[in-house]
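Notes follow once the structure below has been shown.
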There are 2 protein chains.
Amino acid sequence: MEIHPLGMIIGSMRGIFPRLMIARMNELGFHYTFDQWVVLMVLAFKKKQDMVQQDIAEFMNKDKSLVLRIVDVLEKDALIARTTDLNDRRRNIINLTTKGRDLTNLFYKEEQLISEKLLEGLTEEEVNSFYKVISHVKSRAQEL
Amino acid sequence: MEIHPLGMIIGSMRGIFPRLMIARMNELGFHYTFDQWVVLMVLAFKKKQDMVQQDIAEFMNKDKSLVLRIVDVLEKDALIARTTDLNDRRRNIINLTTKGRDLTNLFYKEEQLISEKLLEGLTEEEVNSFYKVISHVKSRAQEL
DNA sequence: TATATTAGTTGACATTTACAACTATTTACA
DNA sequence: TGTAAATAGTTGTAAATGTCAACTAATATA
């Protein structure tokens, strides 16, 4: 099978969607970075109970020190709240506040609109393959 | 059709491949950033004659001032050479040096290996759909 | 009880993001 | 022909990210 090396493909497209989303959210008056939004959305679509910083870092495949800095900003803006896990005081459980949830609802709507525009013209099968490949790549990467 | 908003998908996977590639190239003794490699690879797989900084910036969907800084570093390391376009002296034509070409050949091999590992287990059809979606998204993004 | 591991924090430095403003040059137009 | 607009590249800047190490506090394990 002919493999297109992923470097230039990733290199040329990875900023596209984030930039479109950020531009739109800036228009609406919200000046958060893309990763800040991702953290909020991870919490909105909670993958498991009692998400902690380490969980978010793993999901985003980012260094925990970066997640800490993002969480600091979002907490300062009262979009999330951090509480100590009473079962394990090393862990901070992170939840969206009401204000945070309002923002993630808004982001989600805009995200859907832009996603629809970008994917318009593709078949459902093609889009599903796209998601499957991404999910597969994430799994494979964890094994390497 | 059910659309998975692209935010968290992009947010969780965009750093995977770059990080794997950078780790591998660091092992081999090359300490360039991912975007520095992308610039080299863009020049190696020349999309057109007489690539200039603006062309690279457009391909990478990045600000021209970033491309300038990357080009400065690569020129300093003698991986590329910059010459003024005699037909239009605003433009700098950028070419790989022999040293630069050696490095891109090496990067390409490693890129192929890692890509193969990440895509192993997927059908050719699924991978082709993946590339098609990406190409499509890039085109659509330029229209928005 | 001592050691190893984990979660989070802090710090440091290079690079990127995202603009604006500038210079030099070319193109368009009156 | 002269001027304005546009283009390519350069410089500057503040904030954020990438990436790593070293640290503290807490938990797990031998």
Side-chain angles (χ1 to χ4, degrees), chain A residues 10-12 14-27 30-40 48 50-77 80 82-94, chain B residues 10-12 14-27 30-39 50-77 80 82-94:
Chain A
I10 302 294
S12 67
R14 64 178 173 154
I16 288 179
F17 184 79
R19 187 168 299 113
L20 287 171
M21 277 307 307
I22 290 309
R24 178 58 184 149
M25 301 315 291
N26 280 346
E27 282 175 11
F30 302 103
H31 301 284
Y32 291 107
T33 70
F34 186 70
D35 278 346
Q36 286 164 348
W37 283 111
V38 172
V39 169
L40 290 173
K48 68 182 196 184
D50 293 352
M51 293 283 286
V52 297
Q53 290 172 206
Q54 184 74 349
D55 296 323
I56 298 172
E58 278 169 16
F59 176 85
M60 294 175 71
N61 201 31
K62 301 263 178 176
D63 195 77
K64 55 190 179 178
S65 58
L66 167 64
V67 172
L68 170 69
R69 277 181 260 173
I70 292 175
V71 162
D72 279 349
V73 168
L74 298 178
E75 189 187 41
K76 179 172 60 63
D77 285 9
I80 64 172
R82 210 169 0 197
T83 56
T84 303
D85 183 345
L86 298 180
N87 294 324
D88 184 343
R89 284 178 299 152
R90 292 174 294 180
R91 293 157 57 88
N92 292 331
I93 297 175
I94 305 178
Chain B
I10 302 294
S12 68
R14 64 178 173 155
I16 288 179
F17 184 80
R19 185 169 303 113
L20 287 171
M21 277 307 307
I22 292 307
R24 178 61 184 144
M25 300 315 292
N26 280 347
E27 282 175 11
F30 302 102
H31 301 284
Y32 292 108
T33 70
F34 185 70
D35 277 346
Q36 285 165 349
W37 282 111
V38 172
V39 169
D50 295 352
M51 293 284 285
V52 298
Q53 289 171 207
Q54 184 77 347
D55 295 324
I56 298 172
E58 279 170 17
F59 175 86
M60 293 175 72
N61 201 29
K62 299 264 179 174
D63 195 77
K64 56 190 178 179
S65 59
L66 167 65
V67 173
L68 169 70
R69 278 178 253 264
I70 290 176
V71 162
D72 279 349
V73 168
L74 299 177
E75 188 186 42
K76 178 170 61 62
D77 286 7
I80 64 172
R82 206 166 6 194
T83 56
T84 303
D85 185 344
L86 297 182
N87 293 325
D88 183 341
R89 284 178 300 153
R90 292 173 294 180
R91 294 156 57 88
N92 293 332
I93 297 174
I94 305 179

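Here is the naming used below: chain letters follow the sequence lines, and residue numbers restart at 1 for every chain.
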By salt bridge (charged side-chain N to carboxylate O under 4.0 Å, His left out), which residues pair with [X], not counting sequence neighbours?
X     : result
A:D77 : none
B:D55 : B:K48
B:D88 : B:R90
A:D72 : A:R82

Measure the distance from [atom1] on [X] to [atom2] on [N] and round it to the nearest whole Å.
X     : N      : atom1 : atom2 : answer
B:N92 : C:dA24 : CG    : C1'   : 12 Å
A:L66 : C:dT17 : CG    : P     : 14 Å
B:Q54 : C:dA24 : CD    : C1'   : 15 Å
A:D63 : C:dA14 : CG    : C1'   : 15 Å
B:W37 : C:dT15 : CH2   : P     : 15 Å
B:L68 : C:dT23 : CG    : P     : 17 Å
B:D35 : C:dT16 : CG    : P     : 5 Å
A:K64 : C:dA7  : NZ    : C1'   : 6 Å

Listed once per pair and sorted, the salt bridge (Lys or Arg N to Asp or Glu O under 4.0 Å) pairs that draw on residues 58-67 of chain A, sequence neighbours left out:
A:D35-A:K62
Candidate pair A:D85 and A:V52, rule side-chain contact (heavy atoms from CB on, under 4.5 Å), full reasoning
CA-CA 9 Å; A:D85 183 345; A:V52 297; 5.5 Å; no
With sequence neighbours excluded, residues passing side-chain contact (heavy atoms from CB on, under 4.5 Å) with A:R24
A:E27, A:L28, A:E110, A:I114
With sequence neighbours left out, the residues meeting side-chain contact (heavy atoms from CB on, under 4.5 Å) with A:R69 are A:S65
Taking side-chain hydrogen bond (donor to acceptor under 3.5 Å, both in side chains) as the definition, give me every residue that meets it alongside A:N26, ordered by chain and number, with sequence neighbours left out.
A:H31
So if I take residues 14-25 of chain A and measure heavy-atom distances to DNA chain D, which residues fall below 4.0 Å?
none
Looking only at atom types and distance, does a side-chain atom of A:R19 sit under 3.5 Å from a main-chain N or O of B:N61, one as donor and one as acceptor?
yes
Rounded to the nearest 0.5 angstrom, the CD1-CH2 distance for B:I70 and B:W37 is 13.0 Å
When rounded to the nearest 0.5 angstrom, what is the spacing between CZ in A:F59 and CE in A:M51?
8.0 Å
What I'd like to find out is whether the side chain of A:T84 reaches to under 4.5 Å of the side chain of A:N92, using heavy atoms alone.
yes
Would you call A:I56 and A:I94 a side-chain contact if the rule is heavy atoms closer than 4.5 Å?
yes
Heavy atoms of chain A, cut-off under 4.0 Å: which first and last nucleotide of DNA chain D, 5' to 3', fall inside that, if you could look?
D:dA16 to D:dT27
Give the angle between the helix axes at the two ends of the helix from C:dT1-D:dA30 to C:dA30-D:dT1, taking five base pairs at each end and rounding to 10°.
30°
So, OP1 or OP2 of C:dT9: does either fall under 4.0 Å of a side-chain N or O from A:R82?
yes
Think A:S65 has a side-chain N or O under 4.0 angstrom from the OP1 or OP2 of C:dG11?
no
May I ask you to list the residues of residues 83-91 of chain A, by number, that have any heavy atom positioned under 4.0 Å from an atom of DNA chain C?
A:R90, A:R91
